[in-house]
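The block underneath contains the structure these notes are about, expressed in structure tokens.
Below, chain A is the first sequence line, B the second, and so on; all start at residue 1.
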Amino acid sequence: MPSLKKGHWSATEDKLVLELHLRHGSDWKGIAAAMNGARDHKQVRERYVNHLDPSINHDRFSIEEERALVKWNKIEGPQWAVFARRMRNGDGFRRTALQVKNFFHRTACRKNKRQKDAPMEQQAAVDERPNYEGRSGASSTQNVRGEEKPRGRIKSLMNIRNLLN
DNA sequence: AAAATATGCAACCGCCACTGC
DNA sequence: CGCAGTGGCGGTTGCATATTT
């Protein structure tokens with residue numbers, strides 16, 4: 001059995017994953033197996049969900065999205081995946097959790113640089129989030145039918161549209 | 001032009017929840 | 001009920017590229 005490949009994906013691998021996804025759907029284990037074990041199921045899933053899925057919106061984040069994300073983070077905490085699923089544009093294209101997470105981090109970094117005096121205040125704001133109970137379980141997932149399935153600790157799931165108002 | 005530093009993106013890692021046995 | 005396998009997630013890290021010195 002070949003050893004697990006690491007690092008960046010080639011165009012050939014991407015194409016293969018896309019083809020296999022058509023046949024196997026979200027059976028990542030099956031897709032990984034069909035790739036002769038070169039990548040494991042977690043790598044395959046990550047690659048597809050974050051980059052290859054045709055419904056991904058690859059445009060830059062708008063000001064509205066940035067505002068919504070900042071607001072969302074204050075209220076719900078770092079639930080990037082939930083935010084990403086709700087952040088669909090008019091054409092139905094969505095953001096990925098990775099995009100949201102990276103965007104938030106770099107935005108936060110920029111702001112930290114701009115106002116180096118205020119990191120403590122920012123942290124305090126995070127601690128005051130009413131519905132945030134820490135990392136564990138503070139997210140939701142989807143069942144096989146794609147329905148949103150709360151993991152138990154989310155007290156409220158606001159529609160992202162409301163955040164934009 | 002070269003070196004140093006900053007920035008952004010993508011992949012890795014470990015944990016948690018769900019499911020089936 | 002307990003366990004193993006799998007999927008999903010957020011945090012962290014590393015690399016490539018851009019910018020600054």
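- DNA chain C lies under 4.0 Å from no heavy atom of any residue of residues 5-25 of chain A.
- Look at CH2 on A:Trp28: it is 11 Å from C1' on C:dG8, rounded to the nearest Å.
- Using a 4.0 Å cut-off between charged side-chain N and carboxylate O, A:Asp40 and A:Lys29 make no salt bridge.
- A straight line from CG of A:Asn73 to P of C:dG11 spans 9 Å, rounded to a whole angstrom.
- Base engagement by A:Lys101 is indicated by at least one non-hydrogen atom pair under 4.0 Å involving a base atom.
- Residue contacts shown for A:Gln43 are limited to sugar-phosphate atoms, with no base heavy atom under 4.0 Å away.
- For A:Asn50 against B:dA11, a side-chain-to-base donor-acceptor contact under 3.5 Å is absent.
- Contact annotation: A:His51 reaches the phosphate of B:dA11 (side-chain N/O to OP1 or OP2, under 4.0 Å).
- Contacts of A:Asp40 with the nucleic acid, taken as non-hydrogen atoms under 4.0 Å apart, are absent.
- Between A:Arg95 and A:Glu65, at least one side-chain N (NZ, or NE/NH1/NH2) sits under 4.0 Å from a carboxylate O, which counts as a salt bridge.
- Place A:His41 and A:Glu46 on DNA chain C by their nearest nucleotides, and A:His41 ends up nearer the 5' end.
- Between A:Trp80 and A:Gly30, the residue anchored closer to the 5' end of DNA chain C is A:Gly30, taking for each the nucleotide with the nearest heavy atom.
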